[in-house]
Amino acid sequence: MHKQAVEDNVNITVLVSVGEHPLSKRPRRAEQDARALEIGLNIPDTNLQVMHAGSASNVQTNTVLKDYLGMGLPEIKLLNIPHENDSLTELINTFDNNIPDILLTGIRAENGESSGMTPYVLSEKLGMALVPSITEILCINKTAGYAELLQALPRGQRRKVSVKLPFVATVDMAAQAPRQSAFGAAIRGKITVIDTIAAPTDSAGSASISPDLTNCETLQTEWKITPAQPRPKRLKIIKAKTAADRFKAATAKAQGGAGKVIYNNQEAADAIFKMLKDEKVL
């Protein structure tokens with residue numbers, strides 16, 4: 001952990017979502033969002049704001065937000081958006097009037113569409129730079145208008161990046177693990193519900209929203225969501241790499257093993273089906 005040099009009055013906003021346990025499917029803190037919040041909590045002397053876009057009437061959402069409050073937050077702002085509405089539209093309208101210096105998100109959600117496009121759309125519509133897969137914020141110089149970040153690279157490598165303010169950053173799983181949620185802090189913290197009104201904004205100086213993004217809330221009602229199926233396993237094909245291996249394969253005697261000749265079509269189909277199941281193709 002590096003010692004961070006940060007100026008006062010730096011506005012940091014962390015977007016959190018409702019995660020999902022990969023095995024039990026129970027709602028929980030999203031791993032990447034909790035790491036993003038941990039980065040924000042470790043930066044001293046900043047104006048930290050945590051925000052969630054979703055339905056305020058959902059009991060599971062309020063339970064998960066309490067887990068975020070248990071990390072030591074005094075407040076979480078909840079943008080009350082119905083499930084059938086597009087949260088990106090409301091987030092763009094909210095940040096268009098008050099753009100933070102730093103906007104931290106996870107790479108992708110743990111349920112729902114999980115496309116990972118939210119930080120990219122926010123970056124494009126708000127005119128902010130985007131830095132993917134960061135692990136730490138090293139320093140912030142608001143007077144000079146830049147910040148230094150540590151970016152995760154493949155094979156455990158790290159790269160120091162300098163970016164102009166304001167910017168959007170997605171937090172990698174290689175970032176510091178989030179602290180445990182304390183019950184007392186979760187009870188003391190509060191969830192402030194902010195009612196939103198979906199309205200198209202195309203005036204001068206405001207963020208323009210594409211028709212596809214606006215019509216998304218009506219298209220979502222027609223979607224059918226089913227659990228993902230595992231991909232079929234490919235049959236293992238052994239290829240001879242050397243001349244000796246090719247000669248050995250060409251001169252080797254064919255071994256029948258447990259093979260048999262089948263004349264009945266139904267029995268042949270059953271044998272093929274059994275072989276595919278044994279090879280875990282089906």
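Position 1 is the first residue of the sequence, and the numbers go up from there.
Under a 3.5 Å cut-off, the side chain of Asp96 and the backbone N or O of Ile92 do not form any donor-acceptor pair. Put simply, the side chain of Tyr68 gets close to the backbone of Ser17: a donor and an acceptor are under 3.5 Å apart. Proximity of a side-chain donor or acceptor of Thr94 to a complementary backbone N or O of Glu90 within less than 3.5 Å is detected. His52 places a side-chain N or O within donor-acceptor distance of the main-chain N or O of Val16, the cut-off being under 3.5 Å.
One distance of note links CE of Met51 with OG1 of Thr105; it measures 13.5 Å at 0.5 Å rounding. To the nearest 0.5 Å, the span separating CD1 on Ile76 from CE on Met71 amounts to 9.5 Å. Summarising the geometry, atom OG belonging to Ser57 is positioned 8.5 Å from atom CG belonging to Asn62; distances are rounded to the nearest 0.5 Å. Rounded to the nearest 0.5 Å, atoms OG1 (Thr46) and CG (Asn9) are 10.0 Å apart. Here the straight-line distance linking atom CD of Gln176 with atom CG of Leu41 works out to 10.0 Å at 0.5 Å rounding. Atom CG of residue Leu122 and atom CE of residue Met128 lie 8.5 Å apart, to the nearest 0.5 angstrom.
In this structure, Val193 is a member of the same hydrophobic cluster as Val14, with clusters built from ILVMFWY side-chain heavy atoms closer than 4.5 Å. Taking hydrophobic clusters as Ile, Leu, Val, Met, Phe, Trp and Tyr residues chained together by side-chain heavy-atom distances below 4.5 Å, Ile81 shares a cluster with Ile194. There is a path of hydrophobic side-chain contacts, each under 4.5 Å, that joins Ile43 to Val50. Connection of Ile137 to Tyr146 is not established within any shared hydrophobic cluster, with ILVMFWY side chains joined at heavy-atom distances below 4.5 Å, either directly or through further cluster members. Linking Ile, Leu, Val, Met, Phe, Trp and Tyr residues whenever their side-chain heavy atoms come within less than 4.5 Å places Phe95 and Met117 in a single cluster.
Side-chain contact between Ser115 and Arg108 is absent, with no heavy atoms from C-beta onward closer than 4.5 Å. Here the side chains of Ser181 and Lys66 are not in contact, with every heavy-atom distance at 4.5 Å or above. For the pair Thr61 and Leu65, the minimum side-chain heavy-atom distance is below 4.5 Å. Proximity of Ile272 to Leu276: side-chain heavy atoms (C-beta onward) are separated by under 4.5 Å at one or more points. Ile39 has its side chain within reach of Leu104: a pair of non-hydrogen atoms, C-beta onward, lies under 4.5 Å apart. Side-chain contact between Lys142 and Asp101 is present, with at least one heavy-atom pair separated by less than 4.5 Å. Proximity of Val131 to Gln151: side-chain heavy atoms (C-beta onward) are separated by under 4.5 Å at one or more points. A 4.5 Å side-chain heavy-atom check between Ile134 and Leu150 finds every atom pair outside the cut-off.
A salt bridge is defined here as a Lys NZ or Arg NE, NH1 or NH2 lying under 4.0 Å from an Asp or Glu carboxylate O, and Asp67 with Arg28 fails to meet this definition. At a threshold of 4.0 Å, the pair Arg26-Glu20 does not count as salt-bridged, since none of the basic side-chain nitrogens sits closer than that to a carboxylate oxygen. Taking a cutoff of 4.0 Å between a charged side-chain nitrogen and a carboxylate oxygen, Lys274 and Asp278 qualify as a salt bridge.
The shortest heavy-atom contact between Ala144 and Asn141 is N-OD1, 3.1 Å. Scanning all heavy atoms of the two residues, the minimum distance from Pro74 to Leu69 falls at C-CD2, 4.4 Å. Nearest heavy-atom pair, Arg179 versus Arg29, reported as atom, atom and distance to 0.1 Å: O-NH1, 3.1 Å. Taking every heavy atom of both residues into account, Ala53 and Ser87 meet most closely at CB-CB, 3.9 Å.
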**Asked** Yes or no on side-chain contact (heavy atoms from CB on, under 4.5 Å) for Leu15 and Leu103, after CA distance, side-chain angles and deciding distance?
**Response** CA-CA 8 Å; Leu15 295 181; Leu103 181 59; 3.9 Å; yes

**Request:** Tell me, with the steps shown, if Leu149 and Leu138 meet side-chain contact (heavy atoms from CB on, under 4.5 Å).
**Result:** CA-CA 5 Å; Leu149 316 174; Leu138 301 178; over 6 Å; no

**Request:** May I have the step-by-step check of side-chain contact (heavy atoms from CB on, under 4.5 Å) for Leu78 and Thr192, ending in yes or no?
**Result:** CA-CA 6 Å; Leu78 172 58; Thr192 303; over 6 Å; no

**Request:** Could you walk me through whether Asn47 and Val10 pass the side-chain contact (heavy atoms from CB on, under 4.5 Å) test, one step at a time?
**Result:** CA-CA 6 Å; Asn47 300 324; Val10 176; over 6 Å; no

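Between the side chains of Asn11 and Gln49, no donor N or O sits under 3.5 Å from an acceptor N or O.
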Could you list the donor-acceptor pairs under 3.5 angstrom formed by side chains in residues 160-172, with sequence neighbours left out?
unit_1 : atom_1 : unit_2 : atom_2 : d
Lys160 : NZ     : Glu148 : OE1    : 3.3
Thr170 : OG1    : Ser133 : N      : 2.8
Asp172 : OD2    : Ala174 : N      : 2.9

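Members clustered with Phe183: Ile187, by chain and number, using a 4.5 Å side-chain heavy-atom cutoff among hydrophobic residues.
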